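Below is one structure, written out as structure tokens; comments come after it.
Every chain is numbered from 1, with letters handed out A, B, ... down the list of sequences. This is a predicted model, so every value here is computed, not measured.
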Number of protein chains: 2
Amino acid sequence: MVQESRKKEILKILDEHESLSVQELEYRFKVSQMTIRRDLTDLETQGYLIRKYGGAVKSEAVDSLFSFNKRLEENGRQKEKICRIASSFIEDDDVIFIDCGTTLFRLSHYIQNKTRLRVITNSLPVVSELINYSNINITFIGGDVVGDRKASYGDTAERLIGEYHADKAFIGADGVSLSKGLSSYDEKEARITRKMAENADKVFLLCDSSKIEKNSFYRFAPVSLINVLITERKISGEETSRYRDNDISIITNTEEE
Amino acid sequence: MVQESRKKEILKILDEHESLSVQELEYRFKVSQMTIRRDLTDLETQGYLIRKYGGAVKSEAVDSLFSFNKRLEENGRQKEKICRIASSFIEDDDVIFIDCGTTLFRLSHYIQNKTRLRVITNSLPVVSELINYSNINITFIGGDVVGDRKASYGDTAERLIGEYHADKAFIGADGVSLSKGLSSYDEKEARITRKMAENADKVFLLCDSSKIEKNSFYRFAPVSLINVLITERKISGEETSRYRDNDISIITNTEEE
DNA sequence: TACGCAATGATCGATTATGATCGATTCAAT
DNA sequence: ATTGAATCGATCATAATCGATCATTGCGTA
């Protein structure tokens, strides 16, 4: 058996079970412990799993690496809706920032028919999606590439964003609340998001309703940073008006406000 | 059996199985290992499969954001050779520039097992190839993304390169001659190449022999810019020494100098 | 027939994967 | 905390595979 297919087989087994032990793999493939350990070490450096004493467990990154698609599936319908709404705000000749993350990635599906768009992004999947469309100019924000996020971050990236200015920024967050503002579980990601928002005339937050009035651990901006909150279903009327009091429009479905 | 139908048969077998080994093909077709290996190498350069130690796996198996259409490529065998040679110059802990282009892209295959490498590149396929390896740090040079080249160019890109310094630069060119230096058919590409070379301690030009002593229309650097010329087959002794007179080593195969 | 060209096979040194050993480390039970 | 068993990684030896090279074969054509 080719080494490569053994590793692939290991990943398949891991996909079906939560974890796996060196012992069972040793027996399964009829090779020595040492070989299995080496396989696991390799797979770990490639980010496919995390080694534990006696075996290995799934890695967080596996979802996104193995199938970016699979993760898109959860809440997929909602995200589609959000992105459709968001895309209606994009006009020809716009210059827009697109943040990274699965929701924002979906947005790139919906802008392929616009003309003379300039997209500034740090998300590799977004670039990959738009690269073949000659009607769209892409500016990629360089910097340190983080594998499991498929995007670039760091000081350089932040500085570069500051050099650009866009008409609109489409950003994501892991939580948003009136009292505590926008929050994220990842600081470096949040810094990029904030920078994009600061350098755009109008800021759109794409956010499924499960994240509204929730807080993640890193609070990176007041809610006043955004101008429009796009979500997939109606928020209570009272809440809507409280956002409106902060000069933030909430958009759900096709009705504006 | 004719070579062509054997290759076709190999692809059929691969289609039914996840992977295939040189051994089983050797037995299946009653030919030597060497022939099978040559078939597999050819099929790889045409993009039909990916060679692994002991055999090959399906090419769709690799998830890649950006891929070149290798099918149209010529001189695949030679480029592989050049890249293997080039990779032997890369050491652990190196900081390296990798230029864009199909030849340089192949180089990324051969550096995945190095440790603590930092790769600075403007080539999206290179990023996509290395992104899953946590032992390799990637810095992407941002800028205007050009779709058909799958890389970023422009003033921003050039300026960013100037902010970095690398131990080694691996670059390409469309022509190189002692009298007229390095030349390219694309100015923006050449400017990136030159910038990388200027910011590295040692410059390696990867160049199949068909480009040696040829000139393309845009001359962008004197031959003194490079330190090592890596090509796939021997240049005439007289020519070699003329390059050596310019302090440039010519490397073909494993023999240095 | 002689020649050239491409495909193939054989060989060899180099590289890579694997297996075995062993002291160090980790885990779990007391 | 202590102890014993399991597991680990480092190392070395071995086996398998690799690519480079050269010799051979097969085949069409001058």
Within this structure, what is the [atom1]-to-[atom2] distance between [X] and [N], rounded to whole angstrom?
X	N	atom1	atom2	value
B:R84	C:dT15	CZ	C1'	11 Å
A:D42	D:dG9	CG	P	12 Å
B:I36	C:dA7	CD1	P	15 Å
B:K7	C:dA7	NZ	C1'	10 Å
A:E4	C:dT16	CD	P	15 Å
B:I111	C:dT15	CD1	C1'	18 Å
A:L25	D:dA6	CG	P	18 Å
B:Y110	C:dA14	OH	C1'	15 Å

Letter per nucleotide, 5' to 3', of nucleotides 17-30 of chain C [B base touched, S only sugar-phosphate touched, - untouched; heavy atoms, 4.0 Å]: SBBB-----BS---
Test item: B:Y164 and B:I141 side chains (from C-beta on) under 4.5 Å apart, heavy atoms: yes
Side-chain touch A:K8/A:L11, heavy atoms, less than 4.5 angstrom: no
Residue-phosphate contact under 4.0 Å: B:R51 side-chain N/O, D:dC18 OP1/OP2: yes
Under 4.0 Å between a side-chain nitrogen and a carboxylate oxygen: does that hold for [X] and [Y]?
X	Y	answer
A:R51	A:E44	no
B:K7	B:D42	yes
A:E187	A:R191	yes

Residue pairs passing the salt bridge (charged side-chain N to carboxylate O under 4.0 Å, His left out) test where at least one lies in residues 203-222 of chain B, sequence neighbours excluded: B:D208-B:K211
